[in-house]
Every structure is written in structure tokens, then in C-alpha cells.
Amino acid sequence: MQRHLITSAIPYINGIKHLGNLIGSQLPADLYARYQRARGNEVLFLCATDEHGTPAELAAAKAGKPVAEYCTEMHAVQAEIAKGFGLSFDHFGRSSSPQNHALTQHFAGRLADANLIHEVSEQQVYSNADGRYLPDRYIEGTCPNCGYDKARGDQCENCTKQLDPVDLIEPRSAISGSTDLEVRNTKHLYLRQSALKGDLDAWINSKTDWPVLTTSIAKKWLHDGDGLQDRGITRDLDWGIPVRRGDAEWPGMEGKVFYVWFDAPIEYIACAGEWADANGHADWERWWRTDKGAGDVRYTQFMGKDNVPFHTLSFPATLLGSGEPWKMVDHLKSFNYLNYDGGQFSTSQGRGVFMDQALAILPADYWRWWLLSNCPETSDSEFTWELFQQGVNKDLADVLGNFVSRVTKFCRSKFGETVPAGAAYGPREQALIEDLDARVARYVAMMEAMEVRKSAQELRAIWVAGNEYLQSCAPWTTIKEDPEAAAMQIRMGLNLIALYGTLSSPFIPDASAKMLMAMGVEDAQWPSDMAQALTQLSPDHPFTVPDNLFTKITSEDTEKWKEQFSGTRD
RNA sequence: GGCGCGGUAGCUCAGUUGGUUAGAGCGAUCGACUCAUAAUCGAUAGGUCGGGAGUUCAAGUCUCCCCCACGCCA
């Protein structure tokens with residue numbers, strides 16, 4: 001039995017994610033996790049919310065709540081929506097967990113011991129009115145270069161000149177507008193990624209089977225310009241993981257927290273600890289420590305392309321630099337963006353369809369199927385309501401749903417609600433079995449390779465094979481001269497439904513469960529041999545006729561939704 | 001401006017290390033069937049593979065130049 005550790009990029013806490021976020025990591029990760037479980041493999045599938053950093057603080061302030069309370073609430077909201085989409089996380093954790101606090105501080109201590117952290121003195125603007133430091137974006141003023149009066153601390157949007165916040169004329173807080181600011185000296189910790197450049201380069205070069213998108217981004221960051229840069233891993237904020245050196249104080253770092261991008265990926269590991277604690281203290285280290293049983297684990301990460309640098313360089317630098325035998329990622333599957341009707345999905349502008357809205361309109365399977373079968377793997381892909389309607393209606397309602405409907409209803413009216421006996425399978429059935437053996441083998445190969453679109457394509461072809469078979473043997477005609485043959489053909493049809501229920505479950509778990517339940521299959525096993533799989537329902541086995549699996553989307557629906565989602569959210 | 005990824009049938013996309021008449025699904029047209037969610041099945045039509053030059057016996061596939069779209073960065 002294989003063991004699969006699977007993580008999806010962890011969504012940020014400040015709001016509900018859109019469909020582009022969903023298909024960019026969580027959904028394909030879920031597809032893979034469900035597939036591996038269905039194959040009988042041991043899977044630990046983890047995800048969490050990324051809760052630290054300034055955006056969380058600002059969102060909480062806007063909501064008028066303490067940031068910790070805000071995060072707890074939003075975590076519950078996101079967890080509920082994830083459940084609605086059938087995302088089968090073994091644990092949905094939080095980067096603010098005690099486990100992540102301890103582990104992040106542990107890593108910082110190890111890195112410091114390895115002489116991979118150094119202190120840098122910087123000047124930062126402090127706002128007395130806000131009682132906090134103002135990072136680059138949170139300070140505005142007049143550009144010393146062009147006189148533009150809304151220049152930001154890091155750059156003037158008018159003349160594009162790069163600025164240092166302390167150079168701004170008449171600076172003010174972007175949060176409160178206060179001009180009661182002062183420049184303070186502050187010290188920060190930097191991770192010496194440059195010292196690990198050689199190790200990282202060798203590691204990346206050993207990954208010859210990774211997508212080009214992944215390695216090209218990593219190599220660009222490693223080699224462009226002056227190469228990999230050291231990175232600040234602390235901030236002058238209240239909300240975050242306090243800077244400590246393992247269990248000990250870190251002199252000079254009092255009141256500071258780790259930078260969100262330092263602690264967020266560590267949550268992948270800490271989340272396993274959360275999972276263990278929530279499940280009777282299971283042994284989580286056998287998933288993460290190669291010296292404690294994780295040697296045979298295959299670790300796969302899923303993420304959007306914007307996350308690739310952090311997962312190929314920053315996080316591996318943390319793990320390598322610790323000098324401890326942590327499990328490193330084996331395969332990293334990255335995705336391009338899904339566009340919405342000719343433009344980008346936008347959280348800030350509320351453009352596009354958000355996860356809660358999607359579930360309010362249609363069941364999860366509709367979204368899962370369309371998004372996965374149009375997954376932005378090789379390049380950005382496009383969501384339009386017309387494409388969505390076409391894909392869902394044709395594939396789910398017409399090809400699959402109608403197949404289930406025509407077989408079960410025909411059987412009920414001619415033979416009753418048990419599997420009819422009839423004749424033995426003949427040449428036509430043998431040909432179908434051989435065809436499906438080949439198709440299922442291709443489907444499996446594509447799923448193993450995480451070729452999402454091609455897997456969907458093959459699964460669809462497997463559904464179509466059922467309609468082809470039915471059309472060619474035409475039991476509605478056969479029954480007039482040879483009822484025994486018709487009974488056998490329908491027995492095959494019912495067995496096909498059971499097969500589809502199993503094969504389709506990673507893509508459309510709810511509809512698959514309905515198919516299996518209707519066919520009275522209790523304990524579905526992944527098929528290895530079609531001759532066997534297509535005889536699993538024996539004569540006299542009872543079944544039920546399910547309601548139509550999928551309802552078609554009408555053009556009135558799409559018109560309405562197009563209108564509804566054209567503007568901004570709220 | 002630099003860098004990155006793309007530009008293949010009306011639409012969404014496949015096309016391994018260059019090699020026989022460039023593929024799929026949808027849409028369109030025609031036909032078959034009537035069990036079923038006006039569903040299904042079959043057939044047909046449709047492309048000078050963004051443009052130009054080059055390498056080669058042979059290029060959608062390699063090299064160079066240009067154009068276009070998108071993204072990232074400064």
C-alpha cells in the first residue's frame with residue numbers, strides 16, 4: 001500500500017475564495033486525494049487557513065472585531081464552504097494554532113543555530129496614532145520626485161519611481177490618515193537563503209519530472225540578477241507568531257512576530273500535529289519525518305503559479321536549513337489562472353463567482369466537474385456561463401445522467417426493480433469489456449500523473465461507451481424477439497452504472513454515491529478487471545431508480561447569473 | 001522597458017525525443033433510433049498549425065526576426 005501526503009495551498013483568512021482559487025489548488029488536490037483513497041492507499045490530505053499578517057488585521061478592524069475572534073469566525077466559514085464542495089481534508093487547520101507557534105519557533109531556533117539567520121537594522125515609520133509600524137503600503141505622502149500627492153511608501157504610482165517610506169514629503173498613515181509619524185530604528189531577522197542557493201539548485205535540478213511551469217519559475221528566482229536573495233522573516237506587528245528562538249527568548253526581538261510567509265508553509269507540518277491531536281494523538285511524525293517512518297511517503301503539493309517560489313525555494317530553504325530530516329515535497333503540481341468572462345477573477349473587486357455563491361446556485365458536483373474538466377493546467381483558462389452551461393448539460397445531464405435514467409427506467413418497466421438474469425454475455429459484451437479495460441487503464445494512468453483534464457476526458461469517454469453499447473444492442477428492440485438477450489443487455493447496463501459510480505467518485509462524489517446507492521453497492525472496490533467489475537451485480541440483486549442525477553441549466557439561468565455576477569459583491 | 005507563458009478547425013483545447021493523409025469534445029449539417037432528462041448513436045463539413053526567413057531528405061514540432069494577447073517584475 002502506498003502512502004500519500006497531500007497538501008493544498010492554504011487559503012488566506014480574509015474572506016471567501018472565488019472559483020479561481022478553488023480550481024487553483026484545493027479542488028485538484030481533493031481529486032487526487034479521493035482517487036488515492038479509492039485505490040486503497042493510505043492518504044493524509046491537509047489544508048488550513050493562513051491567518052497572520054496585516055491584511056487579516058485590517059479585515060478584522062473593518063469588521064469591528066478583535067483579530068483573533070475574526071479569524072476564528074472566518075475559519076469556521078471557510079471550513080463549512082470547503083465541506084460544501086466535498087473537499088475531503090483529513091484536517092482543516094489554522095496557521096495560528098499552538099502547534100504552528102511551537103513549530104515555527106523551533107525552525108527559527110534551528111536556523112539560527114545553523115548560522116542561517118542574521119539581524120539587520122532598518123528604519124521604519126511608526127504611527128503614534130495607530131500605535132503601530134506602517135509597512136510600505138500603509139503610508140502615503142507626496143512623491144519627492146514628481147510631486148504626486150498620493151505616492152505610496154514603496155513606490156510612486158504616478159512616476160513609478162521606487163521610494164523609501166522615509167523619503168515621502170508630508171507622510172500620513174494610509175490607515176487613519178494621521179500625520180503623527182516618526183521614524184524609528186528597528187531590527188529584523190533575515191533568513192540567509194543565499195547560503196542555501198547551491199543546495200536548492202541541486203534539489204530543483206533533481207526534479208526532472210516536474211511541470212515546466214514549476215521549475216522555470218524556481219530557476220528564474222534562483223539565477224536571475226544577483227540570484228536568490230536573503231529574506232526578512234520578522235515584522236513589527238502584534239498579530240502573528242512571537243519571535244522566539246525555539247523555547248528561548250530572542251534578545252532584541254521582543255514584541256515582534258514572524259513574517260506570515262515564514263510561518264504559513266510550516267503550517268503544512270503543524271497541521272498534521274493538529275490532526276493528530278484532534279484524533280486521539282495519532283502519530284503524525286510518520287508522515288513528516290524520514291527518520292520516523294516517512295521514508296515511504298510520497299508528498300504532493302498543489303498550488304497556483306503565484307505560490308511556486310515560496311514552495312520551491314523559501315519553504316525548502318527552511319527545511320534544508322534546519323538540518324533535520326523533514327520530508328521534502330516529491331511532486332509539486334502548479335496551476336495557471338482561471339479567468340472570468342474575459343477578465344480576471346478579483347477578490348478585491350468582487351468580480352466573478354465566489355465559493356459560497358456557487359453553492360447557493362448549484363450543487364458541488366456541477367462545479368467540480370466543470371472546473372476540473374477545464375482545469376487551467378497548461379495555460380490560463382476561461383470561465384464563461386455559456387461554456388459552463390454547455391459542459392454541465394452535455395457531460396453530466398445528457399451523457400451520464402441520462403444513461404442512468406434510461407437504463408434504470410427501462411429495466412423497471414420491463415423486468416422490475418431487480419437485476420434481470422437473461423442470457424450470458426456474448427461477443428458484443430466481450431468487446432465492450434476489452435474496450436473498457438483499455439480506457440480504464442488510460443484513466444488510471446492519467447490520474448496517477450495528475451493530468452486533470454485528460455483524466456476527465458477519459459472518464460467522459462467511459463461514460464459515452466455505455467451509451468454506444470446501449471445504442472448498438474438496442475434492448476428496446478431486442479426485447480420483442482429475444483427477451484433473454486434484452487435482459488442480459490440491461491444487466492450489463494446496470495453493472496455499468498455501478499462501475500461509473502466507483503470510477504467517477506473522485507470527480508463527482510455526491511452523484512457517484514447516488515449511483516452506488518441506487519445499485520445497492522455497499523462497499524465499492526476500485527475495479528482492476530472489467531470482466532469481473534461488470535458482473536458484480538448478479539441476477540435478482542435489487543436496485544432503485546434514482547431521481548435524475550443532474551438537472552439541466554437553462555439559458556434563463558445563465559442570463560440571470562451573468563447579470564447577477566457582473567457587478568461587484570455586496 | 002525586461003522577463004515568463006501562450007497564439008493549432010466557429011468555440012474550448014490535445015499534439016511525446018522533428019517523420020506516413022494535423023486530432024478530441026462542443027457547436028453546425030445530414031442520417032439512424034425512440035428505452036431515456038426534446039436525451040442517445042453514426043456520418044459529414046471546417047485548419048496555408050499568428051506572419052516571415054532559415055536549418056533538414058523531412059518542421060505545428062528546432063534557430064532567428066516581427067506581430068498579437070495575457071501575466072510577473074523593475
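Values below: every heavy atom of this structure, side chains too, minus hydrogens, waters and symmetry copies. The chains referred to below are lettered A, B, ... by the order of the sequence lines, with proteins before strands, and numbering in each begins at 1.
Contacts of A:Val404 with the nucleic acid, taken as non-hydrogen atoms under 4.0 Å apart, are absent. Within the nucleic acid shown, A:Asn402 comes within 4.0 Å of at least one base atom, counting heavy atoms only. Within the 4.0 angstrom heavy-atom criterion, no nucleotide atom of any strand lies near A:Ile490. A:Ser381 comes within contact range of the sugar-phosphate backbone alone, with a heavy-atom separation under 4.0 Å but no base atom that close. Across all strands shown, A:Phe403 has no heavy atoms under 4.0 Å from either base or sugar-phosphate atoms. Backbone-only contact: A:Asn467 has heavy atoms under 4.0 Å from sugar-phosphate atoms and none from a base. Within 4.0 Å of A:Lys454, counting heavy atoms only, lie sugar-phosphate atoms of the nucleic acid but no base atom.
For B:G25, the paired base is B:C11 (Watson-Crick or G-U wobble, both distances below 3.5 Å). Nucleotide B:U40: paired with B:A32 (Watson-Crick or G-U wobble, both distances less than 3.5 Å). Pairing of B:G4, defined by two Watson-Crick or G-U wobble distances under 3.5 Å, is identified with B:C70. Across all strands shown, B:U63 forms a Watson-Crick or G-U wobble pair, both distances under 3.5 Å, with B:A53. In this structure B:A58 sits in no base pair that meets the Watson-Crick or G-U test at under 3.5 Å.
A parallel orientation is assigned to the rings of A:Trp261 and A:Phe310, their planes being inclined by less than 30° (bins at 30° and 60°).
When the side-chain nitrogen and oxygen atoms of A:Lys409 are compared with OP1 and OP2 of B:U37, one or more of them lie within a distance under 4.0 Å. The phosphate of B:U40 (OP1 or OP2) has a side-chain N or O of A:Lys394 nearer than 4.0 angstrom. Taking only side-chain nitrogens and oxygens, A:Arg460 comes nearer than 4.0 Å to OP1 or OP2 of B:C26.
Listed candidates were B:C41, B:U37, B:C35. Nearest to the side chain of A:Phe550 is B:U37. The side chain of A:Ser405 lies closest to B:A36, out of B:C26, B:A36, B:C35.
Aromatic rings of A:Phe565 and A:Tyr340 (six-membered ring for Trp) have centroids beyond the 6.0 Å cut-off, not under it. No close placement of the A:His331 and A:Tyr32 rings is indicated, their centers lying 6.0 Å or farther apart.
Between the P atoms of B:U44 and B:A22, the separation comes to 16 Å (whole Å).
Residue A:Gln471 places a side-chain atom within donor-acceptor reach of the base of B:U40, judged by atom type and a 3.5 Å distance cut-off alone.
Regarding the sugar-base torsion, B:G31 falls in the anti class, its angle being beyond 90° of 0.
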**Q.** Trace of the side-chain hydrogen bond (donor to acceptor under 3.5 Å, both in side chains) decision for A:Tyr35 with A:Arg39
**A.** CA-CA 6 Å; A:Tyr35 166 74; A:Arg39 297 304 309 271; 2.8 Å; yes

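Looking at A:Asp365, its side chain does come within 3.5 Å of a backbone N or O of A:Ala511 through a donor-acceptor pair.
Remark: ring of A:Trp476 overlaps the six-membered base ring of B:C35 in a stacked fashion, centroids less than 5.5 Å apart, planes less than 30° apart.
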